[in-house]
Amino acid sequence: MSGDRFKNCFLPTPAGSSSTAIKLLMITVPLILVSFFIFLLVPRNSSYWVYVSPSGNSSTGNFGAVSEEVSTAAEAVAVSGEAAFNRSSNKSLDVEAQVMEIHEFDETKEDSLNITTNELNNLNISVTGVPNATISLNESISLPLKRNRRVRTKLDKLEARLQRARAAIKDAKNSSQLLDPEYVPIGPMYWDAKAFHRSYMEMEKQFKVFVYKEGEPPVFHDGPCKSIYSMEGNFIYQMDVNTKFRTNDPEKAHAFYLPFSVAKMVQFVYLRDSRDFGPIRRTVIDYVNVVSEKYPYWNRSLGADHFMLACHDWGPEASFSNPYLGKNSIRALCNANTSEKFNPVKDVSIPEMNLRTGKLTGLIGGPSASRRPILAFFAGGVHGPIRPILLEHWEGKDDEIKVHKYLPKGINYYEMMRSSKYCLCPSGYEVASPRIVEALYNGCVPVLISKSYVPPFSDVLRWKSFSVVVSVEDIPRLKEILMKISSRQYIRMQRRVLQVRRHFEFHSPPKRFDVFHMILHSIWLRRLNVRLNDNRPLKHRRRRWYWSDLDRLERGLQRARAAIKEAINGSRLKDPDYSPDGPIYWNAKVFHRSYLEMEKQFKIYVYKEGEVPLFHDGPCRMIYTIEGQFINKMEINTKFRTHNPHHAHAFFLPYSVTRMRHFLHDLRSFGRIVTDYVNIITAKHPQWNRSLGADHFILACHDWGPYSSFYVPELVRNSIRALCNANTSERFNPMKDVSIPEINIRGNKLEGLNTGGHPPSKRSILAFFAGGNHGPIRPILFKHWKRKDQDIQVYEYLPKGLSYIDLMRKSKYCLCPSGYEVASPRVVEALYNGCVPVLISKDYVPPFSDVLDWKTFSVTVPIEEIWELKKRLMGIPERQYKRMQKRVVQVKRHFELNSTPKRYDVFHMILHSIWLRRLNVRLW
């Protein structure tokens with residue numbers, strides 16, 4: 001039977017003759033041999049091509065061959081570790097380092113889109129406090145047509161490993177408990193014991209810290225080791241001698257430590273009783289300036305991957321000396337007071353420990369729960385707003401609650417703690433108190449009495465499972481609250497205290513899971529941007545999660561990204577107005593889907609601050625008309641504009657650079673106006689600080705538009721800048737910024753501007769240009785072609801009787817050389833009049849290049865080849881020119897300016913480019 005089955009694989013019918021089989025073998029055997037030799041000869045690392053015909057009617061057809069090792073591309077993903085957007089909505093590394101590569105167009109294959117694969121860009125992952133949290137992917141979608149193996153930097157490799165760590169931590173939530181020879185975290189003291197254990201092991205496996213070597217003791221690389229601020233000095237010392245987590249190669253570091261001691265600054269820099277904080281502030285500023293000038297890492301992330309540690313009460317104030325240190329950097333503080341700008345999402349609360357001898361000898365111990373006769377105990381100075389209330393109600397008032405200002409002679413402080421069930425830990429001048437750690441050391445359940453305090457390691461530990469929290473208002477009811485706790489519940493809490501205190505023990509050298517490692521782990525979590533804690537009540541955890549407005553916005557954006565990605569292989573959508581199609585688009589289906597998603601959900605909040613004419617107004621005529629037209633249309637728009645900032649995906653700063661130029665004249669005045677405006681909205685609204693401006697945008701068409709943004713570092717580095725002057729040599733970043741068209745409106749009406757021109761057969765002039773002789777390129781053009789050739793008509797001033805528009809409509813190609821700046825209104829004028837634009841510029845990014853493939857409907861001529869301009873244009877076949885001219889007519893709709901915006905016109909295309917940046921999606 002088996003022989004019959006194999007026989008039937010070769011014979012068409014059982015009755016087939018043997019001659020048929022012989023003929024078939026004669027055909028197949030040579031084919032097999034040829035395939036074998038090809039396999040041997042073709043290199044294993046050869047590139048593979050994929051051709052995509054967006055129009056669906058390409059003459060070359062549809063071919064597909066993709067590299068089988070696509071999965072390896074995930075290792076090249078670069079994850080942003082920077083600034084506040086990486087933590088709240090994702091922030092990026094220094095955007096100035098990114099450069100867009102523009103590939104030359106192959107005219108012989110113009111009907112097939114050949115696009116080189118771009119790297120997978122900015123995969124920002126944030127694991128929230130939601131159980132079974134989902135991972136939010138800010139994906140860069142690009143259409144791979146040629147795969148060039150990317151050279152990964154050290155930073156890429158670091159970020160790829162961090163990405164794998166995030167994935168492992170997420171998987172740990174639903175996996176079995178890991179084994180550990182020393183300690184396995186388990187129990188209700190942890191928000192998620194398995195996730196914490198996995199995160200800790202990932203930290204041990206790869207976390208590296210670079211300690212800046214600059215600075216001299218005693219202020220730097222030194223600190224107190226035998227006082228209430230001992231955590232400060234002990235951490236600095238351990239980091240200086242550590243070999244496991246410290247690296248001497250900053251290129252291998254995940255985080256960077258600024259090793260200064262605020263306690264030592266108070267001792268050696270501060271002038272006692274002067275009340276002048278200036279010397280400390282200047283010391284911090286100078287140190288940050290030194291490391292930022294000597295190393296590139298601070299400027300790369302604006303300090304977002306840097307951290308400081310301070311246990312002195314003045315630690316927070318010292319961090320505000322440098323704006324980025326306070327806003328972006330990780331601050332490990334004992335004084336973790338949210339009312340003093342402590343941010344639990346970004347900062348780390350560390351324990352205050354009073355090591356009088358520098359050792360733990362004799363500090364840890366205590367009897368069992370059944371041998372503690374005192375209900376509650378406190379002894380300490382009367383300072384701060386809370387302790388006077390405690391002493392007023394309980395000092396000498398009750399035998400079961402022992403509250404003392406000063407202990408009577410013969411009574412030992414630690415023996416009293418070990419005899420007490422509960423140890424009262426009221427805040428003093430500052431929210432932190434060393435009594436919390438002392439209580440844990442002595443097996444006493446801490447009672448936290450404070451306001452705006454974040455307990456240490458709250459990202460891992462559930463403090464309510466092993467401590468009691470009493471509000472200031474409930475101090476008179478203190479005994480009632482403690483007596484209501486059953487004996488069974490107290491015993492459970494006391495056992496948890498004994499288990500959790502290992503995380504607060506100080507050892508030299510450090511031991512696994514001790515306080516040194518727990519501090520590092522909290523910093524590690526901030527660097528990863530992963531949260532393990534869930535502060536919601538249990539009933540909410542079992543039910544549907546209440547999503548904030550920001551959560552809903554981000555979920556909507558994630559659905560849009562998924563829909564756009566699926567459109568790559570989906571069918572073409574129907575649209576009653578216009579369905580994008582043809583090679584003028586990098587991918588018509590993806591663009592169409594993205595545009596529809598924008599119409600469905602994109603919302604912009606326009607800041608109301610500022611007065612006309614500098615704000616909320618702009619020129620609506622002449623060369624900078626798009627500036628005023630966009631501002632005015634956003635002011636009255638009802639579809640995309642929202643008056644509720646909590647519903648907004650993006651935020652518009654409605655100032656006009658052209659108006660500033662008209663009324664101020666001086667760039668420094670520009671800088672002051674823009675800086676003051678940003679300061680006003682940051683003080684009044686939380687949205688700028690939430691992302692450091694990454695979801696904000698400006699629009700400027702004046703030549704000075706880019707320079708106006710340079711006065712606010714976050715504006716140029718993080719914000720989306722929609723600019724006519726899209727010059728990469730002037731810090732225009734195509735990955736983040738938007739190139740918009742320069743449109744010159746001379747009259748009062750917009751209608752009639754885009755009336756078209758003659759068909760290709762009636763265009764008698766090969767090329768035309770008329771304009772002023774300025775900038776570096778136009779003099780070269782005039783030198784070679786001004787009045788030199790009848791086919792190429794180049795004028796500085798048009799002779800009388802000749803119409804500029806008529807000459808464009810009679811020309812096949814319209815020359816668009818850059819002037820003082822790279823942008824030129826002639827590009828749009830050429831499109832309006834059906835003339836194929838010839839771009840002659842340097843470092844210019846044409847408008848809407850993220851959607852439009854300019855090389856399918858325009859010609860690009862390098863400056864060096866101006867002298868052979870005619871040869872280049874004459875070398876374009878007539879058939880190819882006609883296709884380009886048809887595409888010019890088709891693409892013109894995206895540059896049309898209408899009094900009332902119409903779908904797919906220039907107003908909507910600008911919004912769509914901003915929408916893509918907000919999504920962090922690339923279509924080409």
Side-chain angles (χ1 to χ4, degrees), residues 110 578 580-585 621-623 625-626 741-771 781 785 789-817 823-840 846-848 852-861 869-870 872-874 876-899 902 904-906 909:
E110 61 151 3
Y578 174 69
D581 191 14
I584 61 173
Y585 304 103
R621 290 185 295 168
M622 304 308 291
I623 199 170
T625 185
I626 198 70
E742 198 168 74
I743 302 177
N744 191 0
I745 304 297
R746 295 179 174 84
N748 294 322
K749 295 182 180 181
L750 300 180
E751 289 72 15
L753 293 175
N754 47 357
T755 55
H758 301 303
S761 59
K762 294 185 178 181
R763 293 180 178 263
S764 56
I765 303 172
L766 178 62
F768 163 71
F769 170 78
L781 179 67
W785 296 106
D789 196 296
Q790 288 298 317
D791 291 328
I792 298 183
Q793 299 190 17
V794 174
Y795 302 95
E796 184 173 358
Y797 302 103
L798 274 178
K800 289 184 179 181
L802 292 182
S803 169
Y804 178 79
I805 299 299
D806 287 341
L807 284 170
M808 273 198 161
R809 292 175 181 174
K810 293 178 182 178
S811 301
K812 291 183 176 182
Y813 301 96
C814 289
L815 307 182
C816 306
S824 171
R826 285 163 187 80
V827 178
V828 174
E829 292 168 347
L831 298 176
Y832 281 179
N833 292 285
C835 184
V836 176
V838 179
L839 307 182
I840 310 174
F848 315 136
L852 303 177
D853 184 3
W854 276 79
K855 288 168 184 173
T856 63
F857 59 89
S858 69
V859 179
T860 301
V861 175
L869 183 61
K870 184 174 181 178
R872 284 286 302 270
L873 298 181
M874 292 293 288
I876 299 173
E878 185 67 17
R879 183 181 175 185
Q880 184 178 341
Y881 160 70
K882 288 181 179 179
R883 284 198 299 263
M884 295 174 73
Q885 203 272 342
K886 283 183 181 180
R887 294 166 189 165
V888 164
V889 175
Q890 181 186 355
V891 83
K892 178 179 66 174
R893 70 165 55 239
H894 299 314
F895 295 85
E896 292 175 358
L897 185 60
N898 300 296
S899 301
K902 296 179 182 180
Y904 298 99
D905 69 357
V906 70
M909 289 296 288

Donor-acceptor pairs are to be reported for all side-chain atoms of residues 794-802 against protein atoms at under 3.5 Å, with residues two or more places apart or in another chain.
from : atom 1 : to   : atom 2 : distance (Å)
Y795 : OH     : Q793 : OE1    : 2.9
E796 : OE1    : K786 : NZ     : 3.3

Main-chain N/O of [Y] paired to [X] side chain as donor or acceptor, under 3.5 Å:
| X | Y | result |
| --- | --- | --- |
| Q890 | D581 | yes |
| R893 | Y578 | no |
| T856 | D853 | yes |

Taking side chain as C-beta onward, heavy atoms only, is [X] less than 4.5 Å from [Y]?
| X | Y | result |
| --- | --- | --- |
| H758 | K810 | yes |
| Y832 | V827 | no |
| F857 | Q885 | no |
| I626 | V906 | yes |
| V836 | R887 | no |
| L815 | L781 | yes |

Can you list the residues that meet the disulfide (SG to SG under 2.5 Å) rule with C816, with sequence neighbours excluded?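 Disulfide (SG to SG under 2.5 Å) list for C816, sorted by chain: empty.
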In sequence, state the C-alpha distance, the side-chain angles, and the governing distance for I745 and L897, and then conclude on side-chain contact (heavy atoms from CB on, under 4.5 Å). CA-CA 10 Å; I745 304 297; L897 185 60; 4.2 Å; yes
For the student: nearest non-hydrogen atoms of [X] and [Y], plus distance:
| X | Y | result |
| --- | --- | --- |
| P847 | L852 | O-CD1, 4.4 Å |
| P825 | E742 | CD-OE1, 3.0 Å |
| N744 | M622 | OD1-C, 3.1 Å |
| K882 | P760 | CG-CB, 4.3 Å |

State which residues pass side chain to side chain contact (heavy atoms under 4.5 Å, CB included) with A830; sequence neighbours excluded, sorted by chain then number.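 For A830 the side chain to side chain contact (heavy atoms under 4.5 Å, CB included) partners, ignoring immediate neighbours, are C814, C835, P837.
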With S803 via side chain to side chain contact (heavy atoms under 4.5 Å, CB included) - residues at least two apart: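 S803 satisfies side chain to side chain contact (heavy atoms under 4.5 Å, CB included) with I805, D806 once adjacent residues are dropped.
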Mind checking what makes ring-ring contact (aromatic ring centres under 6.0 Å, His included) contact with Y804, not counting sequence neighbours?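 Counting only residues at least two positions away or on another chain, Y804 forms a ring-ring contact (aromatic ring centres under 6.0 Å, His included) with F768.
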Partners passing ring-ring contact (aromatic ring centres under 6.0 Å, His included) against F895 (at least two apart in sequence or in another chain):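 Testing F895 for ring-ring contact (aromatic ring centres under 6.0 Å, His included), a comparison that skips the adjacent residues, returns F848, W854.
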To the closest 0.5 Å, what do you measure between [atom1] ([X]) and [atom2] ([Y])?
| X | Y | atom1 | atom2 | answer |
| --- | --- | --- | --- | --- |
| R883 | I876 | CZ | CD1 | 11.5 Å |
| I743 | E896 | CD1 | CD | 10.0 Å |
| M808 | I765 | CE | CD1 | 11.5 Å |

Apply the test side-chain contact (heavy atoms from CB on, under 4.5 Å) to residues V891 and Y585: give CA-CA distance (whole Å), side-chain angles for both, the deciding distance (0.1 Å), then the verdict. CA-CA 9 Å; V891 83; Y585 304 103; 5.8 Å; no
Please list, chain by chain and in numerical order, all residues satisfying side-chain hydrogen bond (donor to acceptor under 3.5 Å, both in side chains) with E878, sequence neighbours excluded.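 Applying side-chain hydrogen bond (donor to acceptor under 3.5 Å, both in side chains) to E878 gives K812.
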side-chain hydrogen bond (donor to acceptor under 3.5 Å, both in side chains) partners for Y904, two or more places apart: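 With sequence neighbours excluded, Y904 shows a side-chain hydrogen bond (donor to acceptor under 3.5 Å, both in side chains) to D575, H592, given in chain and number order.
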Quick one: list whatever passes salt bridge (Lys or Arg N to Asp or Glu O under 4.0 Å) with R763, sequence neighbours left out.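 Salt bridge (Lys or Arg N to Asp or Glu O under 4.0 Å) list for R763, sorted by chain: empty.
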D791: what forms a salt bridge (Lys or Arg N to Asp or Glu O under 4.0 Å) with it, not counting sequence neighbours?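 Per chain and number, D791 pairs via salt bridge (Lys or Arg N to Asp or Glu O under 4.0 Å) with K870.
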Tell me which one of L869, V861, V838 satisfies side chain to side chain contact (heavy atoms under 4.5 Å, CB included) with Y813.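 Running side chain to side chain contact (heavy atoms under 4.5 Å, CB included) over L869, V861, V838 with Y813 returns exactly one hit, V838.
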